[in-house]
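Below is one structure; the comments refer to it alone.
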Amino acid sequence: MLLIVLLFAFRSRVLQYTLGRVEAKVENRYPADFNIGSAEFDDWNSVVLTDISFVPHQQDTLFRTDSVYAAISVRSIFAGRIVFKRLEVDNTYLTAVKDENGSNFSFLLKKEEVPGKKDAAPPADSTAEERNYGALLNRVIETAFKNVPDQVDFNNLNASYVSTNRTINMAMPYLRINDGQIASQLSVQTDSLENNMRVFGTIDPKAYRIAGRLYAYDDMGVRIPYIKKKLDAAVTFDTVRFSLDSKQFRNEKLTIRGSAMVNNLTLNHPMLSGEDDINVRESELDYVVTLGPNLYVVDSLTEVRVNRAKANFYASYEKVDTTKIIDLMVKTEQMPANDFFQSLPTGLFENLEGIQAQGWLQYDMKFHVNMDSLNQLVFNSDLDASEDFEIKEWGNTNIEKINRSFVHTVYEYGKPVRTFTVGPSNPFYSPISEISPYLRNAILSAEDAGFYSHNGFHEEAFRQAIIKNLKEGEFARGGSTISMQLVKNVFLSRKKTVARKVEEAIIVWLIENEDLVSKNRLFEVYLNIIEWGPNVYGAKDASRFYFGKQPSELNLAEAIFLTSIIPSPKRYRSSFDSYGNLRSYKGGYYRLIGGIMRRRGLISQEEYENLTPNVSLYGRARDLIVTAQDTTAVEEDTTRFELETIDLLEF
């Protein structure tokens, strides 16, 4: 009691002494002046500080505020730490400036020097455990929540960053926390982009719970700055809701649960959808995430909703010693087919917009890989439909158009280069019965051996493609079937986007699952539209261009040559020397394709034994290829490229 009375009697002197030590400590540590104009007790546990400033030497003022009113919890003092019960701050300005003469904040980022200690990096310890981000995040959450005052009242809080090429200004007229209720208004201007937002929410520090809603209070929405410059993307939304509902830290692992929701989200990125905006009316995420030593898990209880379509999502990355293990899973319950198609974001799948369907759909995908055992990679993907599933009305594109004559336009680099009819009215059109069996079988052997037996997808081909891409660390091989190649050419743009691959898979599934088009018709259209050289499209055009004959007249060697250039038709000249002879590296490809055709009974043993990489050029191709200027040039080895385009020849 005597100590408390003495502290109360001399509290002003104690306060001045304490603040003096704080000022001295700050100024000894940093090249700056830290000033507090006045400080006094408002009552026995409340302090008022005025005219606070932090001014780096020979630089602009970094921080200043008119006044700070703080009420301190007496209980927290006896607990060995200080917790504010109430905090009021008026007219605060944080101003960061960077120009050719330096900045007024860089000294805060420098590593603090310890007298008498050399600034040398410690030797690397290869046995040391990696940082536990779960423990780190747990400390951040607990520290933040334990220091939240019961009442907060910030008025006119401002922050800015000014450099030679960038200006950011943030103005917060008010920030209130009262009895767990949060309210704020915020304006952020980044160069010429301005966002005006309001924030409302709730907070329960004892339970580690926080929830909030951020939305634009003008008609412009909230636009994410600098995304265009950094990522060539644009992101805009109307409202974001977020929450942290609970946390649990046990056995060095942190598990957090919560949710997030975005309304009227608009995305634009060339890799997603080209030049088109992607619009999502509603998207929601209920998440369960666990972080631990070398462990990152999105639990299977996590549910993602896009408009009316819902899916459970699981992802895991674990490092055991030097082994990295990755798991992914996506699973939906049965959903009305119409909900699925109407939930697809607009601007993402142009051909699928407007589809009306009946019945039910269900999707299940599993992926597992141990990076030390890539050949054991697991990939399964299944989209199942109920027996009454049916497309009642097509939207922007009638997928069934390929059952009859249609007009096809070839695009290169987004621009049309040739338009022709795929049907009998085109003199260069060939029915499948008028195309040499050698060519048909060679293409099937090289491009898609299971074409007539699979349902449009070859999971083993895709699995092998993933394995190869992971081994080489780049996209070195695809797993496309003939059905997928056909859909890509007929219905989709040639731009390589994420959306295009997903749309391609959905259209192929519709064609195959609904039996919209026969296998023979799919193959026939494919043979009549694929590129085979300079402005050469279709089997008849290719037969005439290279050999001056009809596609029904092609022999085995000619058929294998035409098959060999399908993956890269613009490189057709590299197959020949200046006299028009096939280069010797083609021999390996001929033996490979010929051997497969022989084992499958598509050619005889005699035909295989007599097969040589020898063809005679006629017509336009001869005029372009035969120059007879140099027969000693080193051959360009494209064998690697050709062989890698073959999808699972041995499966």
Side-chain angles (χ1 to χ4, degrees), residues 272 298 300 302-306 309-317 325-337 339-341 343-345 348-349 351-352 355 357 359-371 373-387 389 391 399 447-471 475-488 491-492 496-516 519 522 647-648 651:
L272 290 176
V298 178
S300 59
T302 297
E303 183 179 83
V304 179
R305 178 174 67 86
V306 177
K310 297 180 180 180
N312 285 93
F313 180 81
Y314 172 82
S316 172
Y317 171 85
I325 301 172
I326 301 171
D327 286 280
L328 295 173
M329 183 197 75
V330 178
K331 184 178 181 62
T332 71
E333 300 297 330
Q334 277 199 344
M335 73 176 77
D339 284 358
F340 170 78
F341 287 108
S343 295
L344 295 175
L348 194 61
F349 308 122
N351 293 283
L352 301 174
I355 286 181
W360 299 80
L361 293 173
Q362 184 175 12
Y363 180 69
D364 190 2
M365 186 276 285
K366 294 180 181 178
F367 174 85
H368 169 83
V369 62
N370 182 323
M371 298 301 290
S373 305
L374 290 178
N375 290 333
Q376 303 301 315
L377 182 144
V378 175
F379 175 78
N380 296 304
S381 178
D382 295 302
L383 179 61
D384 296 324
S386 60
E387 292 184 0
F389 173 79
I391 300 297
I399 307 300
E447 294 293 315
D448 189 357
F451 172 72
Y452 279 95
S453 59
H454 63 55
N455 61 352
F457 303 97
H458 199 321
E459 284 192 0
E460 184 59 28
F462 199 74
R463 193 182 78 87
Q464 292 291 331
I466 296 173
I467 292 171
K468 187 168 188 63
N469 295 334
L470 289 174
K471 286 181 177 179
F475 188 81
R477 175 180 180 176
S480 294
T481 61
I482 284 178
S483 300
M484 296 170 73
Q485 294 178 49
L486 176 67
V487 166
K488 177 182 68 177
F491 296 105
L492 307 177
K496 293 184 178 181
T497 65
V498 175
R500 192 197 75 180
K501 293 302 294 183
V502 176
E503 186 173 18
E504 174 187 300
I506 295 174
I507 293 175
V508 169
W509 183 87
L510 286 171
I511 289 174
E512 297 274 359
N513 186 77
E514 289 295 281
D515 294 326
L516 301 179
K519 289 285 190 177
L522 286 173
D647 287 331
L648 299 173
F651 289 87

Open item on the list: I'd like to know if the side chain of Ser386 and the backbone of Trp360 have a donor-acceptor N/O pair within less than 3.5 Å.
Closed with: yes
TODO: Using atom types as modelled and distance alone, determine if a side-chain donor or acceptor of Asn455 lies under 3.5 Å from a backbone N or O of Glu512.
DONE: no
- [ ] Calculate, to the nearest 0.5 Å, the distance between atoms CG and CZ belonging to Asn380 and Phe367 respectively.
- [x] 11.5 Å
- [ ] Using the test ring pair (Phe, Tyr, Trp, His ring centres under 6.0 Å), find all partners of Phe379 that sit at least two apart in sequence or belong to another chain.
- [x] Phe462
- [ ] Find the distance between NZ (Lys310) and CD (Glu303) and round it off to the nearest 0.5 Å.
- [x] 5.0 Å
Open item on the list: As an exercise, state the distance from CG of Leu374 to CZ of Arg463, rounded to the nearest 0.5 Å.
Closed with: 10.5 Å
TODO: Could you walk me through whether Leu516 and Ile391 pass the side-chain contact (heavy atoms from CB on, under 4.5 Å) test, one step at a time?
DONE: CA-CA 10 Å; Leu516 301 179; Ile391 300 297; 5.9 Å; no
Task: With sequence neighbours excluded, residues passing side-chain contact (heavy atoms from CB on, under 4.5 Å) with Ala385 - done: Leu361, Phe389, Trp509, Asn513
TODO: Determine, step by step, whether Ile506 and Phe340 satisfy the side-chain contact (heavy atoms from CB on, under 4.5 Å) criterion, reporting the C-alpha distance in whole Å, the side-chain angles of both residues, the deciding distance to 0.1 Å, and the verdict.
DONE: CA-CA 11 Å; Ile506 295 174; Phe340 170 78; 4.2 Å; yes
- [ ] Taking all non-hydrogen atoms of both residues into account, name the closest pair between Asn351 and Phe491 and its distance.
- [x] ND2-O, 3.1 Å
TODO: Any side chain to side chain donor-acceptor pair (under 3.5 Å) involving residues 325-335? Give me the pairs, sequence neighbours left out, ordered by first then second residue.
DONE: Asp327-His368
TODO: Check Val330 against Ala311 and note the closest heavy-atom contact, atom names and distance.
DONE: CG1-CB, 4.2 Å
Task: Value rounded to 0.5 Å, distance of CD1 in Ile399 from CD1 in Ile507 - done: 4.5 Å
- [ ] Could you go through the side-chain contact (heavy atoms from CB on, under 4.5 Å) check for Ser480 and Glu504 one step at a time?
- [x] CA-CA 10 Å; Ser480 294; Glu504 174 187 300; 4.2 Å; yes
- [ ] Could you tell me the separation between the CG atom of Asp448 and the CE atom of Met484, rounded to the nearest 0.5 Å?
- [x] 10.0 Å
TODO: Verify the distance criterion only: is there a donor paired with an acceptor across the side chains of Gln376 and Asn370 at less than 3.5 Å?
DONE: no
Open item on the list: What's the separation between atom CG in Leu492 and atom CZ in Phe349, rounded to the nearest 0.5 Å?
Closed with: 10.5 Å
- [ ] Begin with the C-alpha distance, continue with both residues' side-chain angles, and end with the deciding distance and a verdict on side-chain contact (heavy atoms from CB on, under 4.5 Å) for Leu470 and Leu377.
- [x] CA-CA 10 Å; Leu470 289 174; Leu377 182 144; 3.8 Å; yes
Open item on the list: Any side-chain to backbone donor/acceptor pair from Lys519 onto Phe451? Under 3.5 Å, distance only.
Closed with: yes
Open item on the list: Testing the basics here: between Glu503 and Leu348, what is the closest heavy-atom pair and its distance to 0.1 Å?
Closed with: OE1-O, 4.2 Å
Task: Closest heavy-atom pair and its distance - Val306, Pro345 - done: CG1-CG, 4.3 Å
Open item on the list: Would you say that Leu352 contacts Leu510 through its side chain, given a criterion of any heavy-atom pair below 4.5 Å between the two side chains?
Closed with: yes
TODO: Please name the pair of heavy atoms, one in Ala309 and one in Ser343, separated by the smallest distance, quoted to 0.1 Å.
DONE: N-OG, 3.2 Å
